[in-house]
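Worth saying up front: this structure is predicted, and the values here are computed from it rather than measured. Below, all heavy atoms of this structure are taken into account, side chains as well, without hydrogens, waters or symmetry copies. Proteins come first, then strands; the chains are lettered A, B, ... in the order of their sequence lines, and each starts at number 1.
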2 protein chains.
Amino acid sequence: MVVESLSGRIPAEQRREQILDAAIEQFGLSGYAGTTTDQVARAAGISQPYVVRMFGSKERLYVAAVERARDAVLDAFRAVLAAPAAEPDGHLMARLGAAYIDLVQDRGILRMLMQGFLGGADPVVGPVARAGFLEIYRMLRDEAGLAAADAVDFLAHGMLYNTLLTLALPEAADDTGRELLECAFGAKLDLVLRAVGPGSGSSGRA
Amino acid sequence: MVVESLSGRIPAEQRREQILDAAIEQFGLSGYAGTTTDQVARAAGISQPYVVRMFGSKERLYVAAVERARDAVLDAFRAVLAAPAAEPDGHLMARLGAAYIDLVQDRGILRMLMQGFLGGADPVVGPVARAGFLEIYRMLRDEAGLAAADAVDFLAHGMLYNTLLTLALPEAADDTGRELLECAFGAKLDLVLRAVGPGSGSSGRA
DNA sequence: CTCGTTGGTAATCCGATGATTACTTGGGAC
DNA sequence: GTCCCAAGTAATCATCGGATTACCAACGAG
């Protein structure tokens, strides 16, 4: 997970990417206010002042992390559109859905997206989050060619995925929870559970 | 919005309710870490130490606020089930959906719910949030009598509502946004927009 | 009236945290 | 080699925030 390569003196752009990876993980877990720049720095393997100096402020780092999470979604969907349909019975929406499930196996990205949505009321984060969401919708409609109603249905179930996964239901579900998961994810459930594994799989804190 | 009644010496239980109302509003806006106990206290019209003493700690107050938001949802749905169906064509799910839209006109409750979901990874909030979500699901299935697939579909669209509303899309939508809103809310859109009104309606900070 | 219980606050403490400043080191150009 | 810029850190600051302590004030019972 965390960058392990004992890294002396790395070009700034590469370091920037490492910081953003760490920021998504940490901000995703604890939100903007709940995450310290020092946590991000440690996760990226550098010192706290360098994080601040690289991005100017914590707030700007946060916005960059939100944008990066949005780009991850857009990239994942565009990869599906670029790839040839292997199976003829695989409808586009199903393939997009599977790609999304795959993407958000990285719970950092998933939670970062959700954090972004919740920032809708914030004067700085809000506009970024709204524009990002609409960009994804436009992509589904214009590039993937989904009808508006289909795109909305796709998004709705995506949001349910988001909720169930951030709730960590797959990791800790009783009978009711399992029924809900089966019904929500359908055939994709094994995709979800494969990553969780048979163990309790509780990922500890940093 | 904020309790205005110049209130000297109020019974503790009543004060507790005021604090919880304020907590839902504030925590919903800024999350757990982003909200100070002093903000909650001011919004409730009392002093900061009293808030802490009443609930023991900020964390316990937060958990209580999450539970209260959950109860608000359960109560709203049970009210629908208890009321006689006025119109025969009004399907149960549509009536439940309308009740939900109505409930989350209070954006504080809406955002508090979302904050709770995002706390799924937290060792304290997580279990509460998971149990609360499953409780709502069980209610839909057992008390409302929805088929599991219908309940899941209902929840999925509810989660899309949540996202669109926390993003504050109704308050600030371009053409794409309006199309998305129309498609997502359908006939319920006027219910949503009625509260927002023709003005910009940007509700200021506390 | 007085007294104890409940409702409530002012003052204060201590740790945490984002930012700033000043400093050090590595490595490529020539 | 030496020079200089990019990469990076240690030390420090000012502020904020949750919790604690000690104290004050209504109100009802007797």
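Atoms CD (B/Glu13) and P (C/dG7) sit 10 Å apart, rounded to a whole Å. As a whole-Å value, the separation of A/Arg42 CZ from C/dA16 C1' is 13 Å. Between A/Tyr50 atom OH and C/dC23 atom C1' there is a gap of 16 Å when expressed in whole angstrom units. Between the CZ atom of A/Arg53 and the C1' atom of D/dA10 there is a distance of 13 Å, rounded to whole Å. Counting to the nearest Å, the P atom of D/dA6 and the CD1 atom of A/Ile46 are 18 Å from each other. In this structure, the CE atom of B/Met54 is 16 Å from the P atom of D/dT20, given to the nearest Å. For the pair B/Gln48 CD and D/dG17 C1', the interatomic distance rounds to 8 Å; values are reported in whole Å. Summarising the geometry, the separation between CZ on A/Phe55 and P on C/dG18 is reported as 15 Å, rounded to the nearest angstrom.
Using a 4.0 Å cut-off, some side-chain N or O of B/Thr37 falls inside it from OP1 or OP2 of D/dG18.
Considering only heavy atoms from C-beta on, A/Phe133 comes within 4.5 Å of A/Leu155 through its side chain. The closest side-chain heavy-atom distance from A/Leu191 to A/Arg194 is below 4.5 Å.
Taking the six-membered ring for Trp and the full ring otherwise, the centers of B/Phe77 and B/Phe154 sit less than 6.0 Å from each other.
Between B/Arg141 and B/Asp150 there is no salt bridge, since no side-chain N of the basic residue sits under 4.0 Å from a carboxylate O of the acidic one. Under 4.0 Å is where a charged nitrogen must lie from a carboxylate oxygen, and between B/Glu25 and B/Arg107 no such pair does.
The side chain of A/Thr36 approaches C/dT17 more closely than any other nucleotide in the set C/dT17, C/dG8, D/dT9. For B/Ser57, whose side chain is taken as the heavy atoms from C-beta onward, the closest listed nucleotide among C/dT20, D/dA19, C/dG8 is D/dA19.
Each of B/Pro49 and B/Ala12 lies near DNA chain C, and the nucleotide nearest B/Ala12 is the one positioned closer to the 5' end.
Between the OG1 atom in A/Thr163 and the CG atom in B/Asn162 there is a gap of 7.0 Å [rounded to 0.5 Å]. Rounding to the nearest 0.5 Å gives a distance of 10.0 Å between CG of A/Leu74 and CZ of A/Arg138.
Looking at A/Arg9, its side chain comes within 3.5 Å of the base of D/dA6 through a donor and an acceptor atom. Evaluation of atom-type donor-acceptor distances gives no pair under 3.5 Å for the side chain of A/Arg15 against the base of D/dG8.
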Problem - Pairing pattern in dot-bracket form [Watson-Crick, G-U; both distances under 3.5 Å; | = partner strand] for DNA chain D - result: ||||||||||||||||||||||||||||||
